[in-house]
A.B. asks: 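Once you've had a glance at the structure underneath, I'll fire off some questions.
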Amino acid sequence: MKTAALTRVSDFEWRIEPTGKMRVPGVIYATEALIEAMDEKVRDQVVNVACLPGIVSASYAMPDAHWGYGFPIGGVAAFDADRGGVVSAGGVGFDISCGVRCLRTGLRHADVEPFKEPLADALYHRIPVGVGSHGPIRLAGKRMDAMLTGGARWAVEQGWGTRDDLRHIEAQGCIAGARADAVSDKAKQRQREEMGTLGSGNHYLEVQEVSEIYDRETARAYGLDEHDVVVFIHCGSRGLGHQVGTEYLKTMATSAREHGIELPDRELACASLRSDTGQAYLGAMRAASNCALANRQIITHLAQQAFVELFPEADLTLLYDVSHNTCKLEEHRLDGVNRRLFVHRKGATRAFGPGHPELPDEYRAVGQPVLIGGSMGTASYVLAGNADPRVPSFTSACHGAGRAMSRRQAHKSWQGGQLLRELRERGIIIRSPSLRGVAEEAPQAYKDVDAVVDCAEAAGLARKVAKLKPLVCIKG
DNA sequence: ATGTCC
């Protein structure tokens, strides 16, 4: 993207003044280099979102933004139901409540380094991965509905993990307002055998070493020290969420036409928050979010089983679990007034600052853990939320490196087998059912996660706490 | 992201 089409506010913030049908300005948090690495379509999509009814403050893009369906990935937009606001299925994305959880293991790098190969095998053996894989349980009928309304709380009640895990999950592991009745039979059918599966694409489970600490006080609160071994799990709501997204996109396109909502792009299909369609989508999207939370909870338990095969002393405890594809009803203070807003974050991570009442006691003084997954073979980060009042993007941060190249182009440019050999030489052990998937996820197909995170910190979105270096990766 | 098109 050319910087000429934007107004520079600072080295880390760019603005698009409202013109035409824009109701609010656009704001992109990025360095000049990151702007230049962004697709030209990001600007168009930020502008399109700014045209939607009831949008509040501005249409935002995070430093890792890239082109997505309707909304940019890395987009943040909040809507007020009292002022004609809408909810958009494209503003959440197909992979509803895709997110990251980080687990402490109680192990040190020196413990794990000699056993990376058998650990990779144990994890790959236990954790179903790839397109169409099946998990350890079958769900249907009332049990499916209980999962959709209970989320990780349901999973813990079923024996997948501990009560203490729940305190360290966004919304305590259970998203309120979920409606199993708003999820189609087809969506439920697709999920029958998929609980506890990682999925494909950019989803993965990675064993990592804490390679650098930037903020000692916050790292201590999060229970992280240099050379600790942690686990990142990145996955979502699998077939169920995808089906919910697909179906409601269609429904919203129809209802927007009927209600005379003028859309700058048909991919921006949305529904009034007060409409039956809007309410049904919120209920179904929240049910899919619970599915994602339960899914990550079950996978955690499988990872624990794999770890104790090799390390009997391993104790996987949850640092935090936060989604980066969702729409949440949150209270935000604007111009001295508290307002309840529906905040869409699509490829953007909620980053509540210090003092937020939803945070567990031990994190409240330092802010919410913000979990940033890098690309395969590169670093990941633990950041902390700031709630800097000068940064009005509804306490949000980036979610990863962000693609710099399409899957198709990456597939043409690299060979999966060669990439695996190169990573192994650097001490990173990968297990994946798909060499094509590995090529599509080539580190070179992504932006530089270090640059994205440095920019997020410089822009005030979140602050760096710890850097994580990959050791073993189970890749979708 | 996704039973990579019902």
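Below, read A as the first sequence line, B as the second, and so on, with proteins coming before strands; counting in each chain starts at 1. Here the structure is a predicted model, which means the values were calculated and not measured.
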A.B. asks: Salt bridge (Lys or Arg N to Asp or Glu O under 4.0 Å): which pairs involve residues 193-205 of chain A, sequence neighbours left out?
C.D. replies: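 Passing the test, one end in residues 193-205 of chain A: A:R138-A:E193, A:E194-A:R238.
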A.B. asks: Evaluate the ring planes of A:Y29 and A:Y60, with Trp represented by its six-membered ring, and classify them as parallel (under 30°), tilted (30 to 60°) or perpendicular (over 60°).
C.D. replies: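 Judged by the thresholds at 30° and 60°, the geometry between A:Y29 and A:Y60 is parallel.
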A.B. asks: Regarding A:G201, tell me which of base, sugar-phosphate or nothing describes its non-hydrogen contacts under 4.0 Å with the strands shown.
C.D. replies: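 Counting heavy atoms under 4.0 Å across all strands, the contact made by A:G201 is with sugar-phosphate only.
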A.B. asks: In chain order, what residues pass the salt bridge (Lys or Arg N to Asp or Glu O under 4.0 Å) check against A:E330, with sequence neighbours excluded?
C.D. replies: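 A:R345.
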A.B. asks: Parallel under 30°, tilted from 30 to 60°, perpendicular over 60°: which one fits the rings of A:H344 and A:F71?
C.D. replies: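 Rings of A:H344 and A:F71: parallel, under 30°.
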A.B. asks: Please name all residues satisfying side-chain hydrogen bond (donor to acceptor under 3.5 Å, both in side chains) with A:S393, sequence neighbours left out, ordered by chain then number.
C.D. replies: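 For A:S393 there are no side-chain hydrogen bond (donor to acceptor under 3.5 Å, both in side chains) partners, ignoring immediate neighbours.
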A.B. asks: Return each pair, listed once, that meets salt bridge (Lys or Arg N to Asp or Glu O under 4.0 Å) where at least one residue sits in residues 269-283 of chain A; pairs must be two or more places apart or across chains.
C.D. replies: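 Found A:D82-A:R274.
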A.B. asks: Stem finding on DNA chain B, please: runs of three or more consecutive Watson-Crick or G-U wobble pairs, both distances under 3.5 Å, sorted by first number.
C.D. replies: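 When the pairs of DNA chain B are grouped into runs of at least three, no such run exists.
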A.B. asks: Under 3.5 Å between N/O atoms: give me all the protein pairs with nucleotides 3-6 of chain B, atom names plus distance.
C.D. replies:
| from | atom 1 | to | atom 2 | distance (Å) |
| --- | --- | --- | --- | --- |
| B:dG3 | OP1 | A:R190 | NH2 | 2.0 |
| B:dG3 | OP2 | A:E194 | OE1 | 3.4 |
| B:dG3 | OP2 | A:E194 | OE2 | 2.9 |
| B:dG3 | N1 | A:R190 | NH1 | 3.4 |
| B:dG3 | N2 | A:R190 | NH1 | 3.4 |

A.B. asks: Where the side chain of A:T326 meets the backbone of A:S97, is there a donor-acceptor pair that is under 3.5 Å apart?
C.D. replies: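 Not confirmed, A:T326 side chain does not pair with A:S97 backbone.
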A.B. asks: Check the pair A:Y248 / A:Y281 against ring-ring contact (aromatic ring centres under 6.0 Å, His included), numbers first and verdict last.
C.D. replies: CA-CA 7 Å; A:Y248 278 94; A:Y281 175 70; 5.5 Å; yes
A.B. asks: Scan A:G199 against the nucleic acid and name what it touches under 4.0 Å (heavy atoms): base, sugar-phosphate only, or nothing.
C.D. replies: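 The answer is sugar-phosphate, as A:G199 gets under 4.0 Å only of primed atoms, P, OP1 or OP2.
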